[in-house]
Amino acid sequence: MSTIATTDTGIAAKPAPSATAARLRSYGRAAISILVAAAVYEATARSGLFAPALLPTIPTILKKLFAMLADGSMWLHAGFTLYRVLLGFGLALTLGIPLGILMARFRRVEDFFLPLVSALMPIPSFSLLPLFLLWFGIGNMTTILIVFYASTFPILFNTWSGVRSVNPLWLRAAGAMGADEHKLFWKVIIPGASPFIITGMRQGFLRSWIAVIGAEMIAASDWGLGWVIFDSKEFLSTDTMLASVMVIGFIGFVFERLVFGVLERATVQRWGMVRAAKG
Amino acid sequence: MQDAATIAATPAAGRAGERLRAVARTAFPFLVVATIWEIVAWSGVFPKRLFPTIEEIATTFWQLTVDGILPHHAFETLIRLLASFALAATAGITIGVLMGRSRRMEELLLPLVSILAPIPGLAYAPLFLLWFGLGNLSALLLVAVVSSFPIIFNTWTGVKAVKEIWLRSAQSMGADDKRMFRHVILPGALPYVLTGLRLGLAQAWRILVAVEMLASVTWGLGWLTFGAREFLNTDVMLAGIATIGMVGLALEKLVFSKIENYTVVRWGMVAE
């Protein structure tokens, strides 16, 4: 009884843990769990149960990663992949956002494009890969178009629903306060729809990142992270594979957290459209 | 006023006309696109082998269907999809529930899941091919791994989102762990779980086609379209793509809206 009481008071007496302390602790726990997983992996790799060529140890993977970073080949692979994904994604943005807005604002445009979009959306981008390979050959064009196809639909669809869901009260209020079409569009509709548009961009980028890796495996030659992974299968260099997987994961993480996180903070959070999420 | 009167006078005709107009509205864009396609195909700008006319595609589609080739491919793809999805659902829901209910499991698994989830699953494809060989096993496991992440995340969120007050009241009414799980946590988390399953199935479907191309399975729609490239059979390819699109649409419309209606809508968890 008394021990419980003291522990209770002990906890009560401690100052409330600050947000940074809590965050540090959660980082610590995450680190422990990752270390445990790494140790399990390392033990399996060293146990000799599997061929070392198929299951390389972590130091081997890291050595390979640093070697590839040092001789510049990893940078080139990543550069090519980024070029393809950004170009395809950029094209998807330039088509998806304006078309989504037009569809939401004009009944006629919606009537025309919505059935087409609904018919094309369930077709996975990869199924078009063989067709594009025939039409455009191996290389950048095919990969970029696959990325474009993969990311257009989430962007288009979210923009469309975003503009449609702008509170009509805001439109009327702005109209009553004398906003012209131009002002209404830039000051009400675009900010109002922006949470949806940014969600669409996020989903679109996620899909293009998957699409670029898959498309590069089948339709790229010489450079690209997807290509290097697929190519190293021929040489059983699982260390190159896993090193590239790490880079792929890292770039994806950077985009998701930094690029879109910053974009969100600079726009919708600053405008007070959504509340800041924790972490 | 007069319009309303006319409509009221001929309600059946009005509704039929309305429906006809709606069908025409939907069909119109397809007609436009088909016409453009036909003009390009007939104009001879592109070689005919690479840009077949719609009649050719339709004939091939019909021929392949009658011969049973297309249904066989579609069947194998669907079996593969369902098998890997079943695997993903079982693993994903189990892990998600464990993470939602046990603090320790959450702390252990969440960092790993958050690191692995954003890596495009296809990046592991060559690795799986080396580990498990070409063919079905690799394809199954890869698709299962990829589609389990949305299921894990949503199940975890759903279990955590079950209202505290429901748990407490069930507890005070004397529910044991088993009943608590079956009658409170599971129905409470189900809308999230279903969203996760839906996302997982969509992801599995998107990636399966590519995996079939990479893993050289013997039958499958992805393999059909990819294999057709070797023989420049663009018509077979397009027939395959059309089938893929139809299967995808059917999955979305038939499977998931049905499940949702039977469960969460009936239980009043979400509005129709």
Side-chain angles (χ1 to χ4, degrees), chain A residues 26-27 29-34 36-37 50 53-55 111-116 118-131 133-135 150 206-207 209-215 217-218 225-226 229-234 236 238 241-242 244-246 248-249 252-253 255-256, chain B residues 25-30 32-33 46 49-51 107-112 114-116 118-127 129-131 146 202-203 205-214 221-222 225-229 232 234 237-238 240-242 244-252:
Chain A
S26 86
Y27 282 149
R29 284 204 209 97
I32 289 172
S33 112
I34 289 163
V36 169
F50 304 98
L54 293 185
L55 206 65
D111 279 347
F112 187 81
F113 282 102
L114 194 59
L116 290 178
S118 322
L120 288 178
M121 218 159 36
I123 300 180
S125 53
F126 290 120
S127 65
L128 296 177
L129 200 55
L131 187 69
L133 266 179
L134 273 190
W135 283 355
L206 215 66
R207 282 210 198 162
W209 195 231
I210 297 170
V212 78
I213 302 299
M217 285 188 183
I218 296 172
L225 292 168
I229 291 180
F230 199 65
D231 188 57
S232 27
K233 186 170 76 89
E234 305 291 318
L236 278 185
T238 37
M241 272 183 198
L242 285 166
S244 316
V245 168
M246 281 180 180
I248 290 173
F253 179 81
F255 265 93
E256 169 62 26
Chain B
R25 252 209 312 274
T26 313
F28 175 67
F30 292 104
V32 172
V33 171
F46 302 106
R49 250 0 261 124
L50 294 187
F51 209 97
E107 279 168 7
L108 185 70
L109 290 174
L110 190 59
L112 295 179
S114 331
I115 286 183
L116 291 178
I119 300 177
L122 276 180
Y124 305 116
L127 206 60
L129 290 181
L130 280 185
W131 284 348
V146 171
Q203 202 146 341
W205 176 241
R206 272 201 300 275
I207 219 148
L208 178 61
V209 179
V211 172
E212 283 183 349
M213 291 178 193
L214 291 170
L221 290 170
T225 47
F226 194 59
R229 193 179 62 106
L232 286 185
T234 322
M237 225 180 243
L238 285 163
I241 293 172
I244 291 172
M246 282 188 263
V247 174
L249 196 65
L251 281 176
E252 179 63 28

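Chain A is the first sequence line, chain B the second, and so forth, proteins listed ahead of strands; every chain is numbered from 1.
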I'd like to check B:Ile241 versus A:Leu128 (side-chain heavy atoms, cut-off strictly below 4.5 Å). Are they in contact? yes

Heavy atoms of A:Phe126 and B:Val209 approach each other most closely as C-CG1, 4.3 Å

Looking at side-chain heavy atoms only, is the closest gap between B:Trp205 and A:Pro124 below 4.5 Å? yes

Under the side-chain contact (heavy atoms from CB on, under 4.5 Å) rule, what do B:Thr225 and A:Leu131 come out as? Steps first, then yes or no, please. CA-CA 8 Å; B:Thr225 47; A:Leu131 187 69; over 6 Å; no

Chain B contacts, top residue of A:Leu55, A:Ile123, A:Leu236, A:Leu134 (heavy-atom pairs, under 4.5 Å): A:Leu134

Of all heavy-atom pairs between B:Pro111 and A:Ala30, which one has the smallest distance, and what is that distance? CG-CA, 3.5 Å

Pairwise distance CD1(A:Ile210) to CD(B:Gln203) - rounded to 0.5 angstrom: 5.0 Å

Heavy atoms of A:Lys233 and B:Pro126 approach each other most closely as CD-O, 3.8 Å

Where is the tightest heavy-atom contact between B:Pro120 and A:Ile248, given as atom of each residue plus distance? CD-CG2, 3.4 Å

Examine whether an atom of B:Met246 lies under 4.5 Å from a heavy atom of chain A, and if so say whether it belongs to the side chain, the backbone or both; otherwise answer neither. neither

With rounding to the nearest 0.5 angstrom, report the CE to OG distance, B:Met237 to A:Ser127. 10.5 Å

Can you tell me how far apart CZ (A:Phe50) and CH2 (B:Trp131) are? Round to the nearest 0.5 Å. 8.5 Å

Tell me which of these, B:Ile119, B:Leu109, B:Leu110, B:Leu221, has more heavy-atom pairs under 4.5 Å with chain A than the rest. B:Ile119

Among A:Val212, A:Ile213, A:Leu225, single out the residue with the greatest number of heavy-atom pairs under 4.5 Å to chain B. A:Ile213

B:Leu249, part contacting chain A, at a heavy-atom distance under 4.5 Å: both

What class does the angle between the rings of B:Phe28 and A:Phe112 fall in, given that below 30° is parallel, 30 to 60° is tilted and above 60° is perpendicular? perpendicular

Heavy-atom neighbours of B:Phe30 CZ exceed 12 at 6.0 Å: yes

Correct closest heavy-atom pair for A:Ser33 and B:Glu107 would be CB-O, 3.8 Å

Measuring heavy-atom distances to chain A, does B:Val32 have an atom under 4.5 Å in its side chain, in its backbone, in both, or in neither? side chain

For A:Val245 and B:Ala123, the nearest pair of non-hydrogen atoms, with its separation, is CG2-O, 3.8 Å

When the 4.5 angstrom heavy-atom criterion is applied to A:Ile218 and chain B, the contacting part is side chain

Can you measure from CD1 (A:Ile34) to CD1 (B:Ile115) and round to the nearest 0.5 angstrom? 3.5 Å

Using heavy-atom distances under 4.5 Å, tell me whether A:Ser118 contacts chain B through its side chain, its backbone, both, or neither. backbone

Drop me the distance from A:Leu133's CG to B:Arg229's CZ, to the nearest 0.5 angstrom. 5.0 Å

Need one label for B:Leu116: side chain, backbone, both or neither, based on atoms under 4.5 Å from any heavy atom in chain A. neither

Part of B:Val33 lying under 4.5 Å from any heavy atom of chain A: side chain

Part of A:Phe230 lying under 4.5 Å from any heavy atom of chain B: both

Which atoms of B:Leu238 approach chain A - backbone, side chain, both or neither, heavy atom under 4.5 Å: side chain

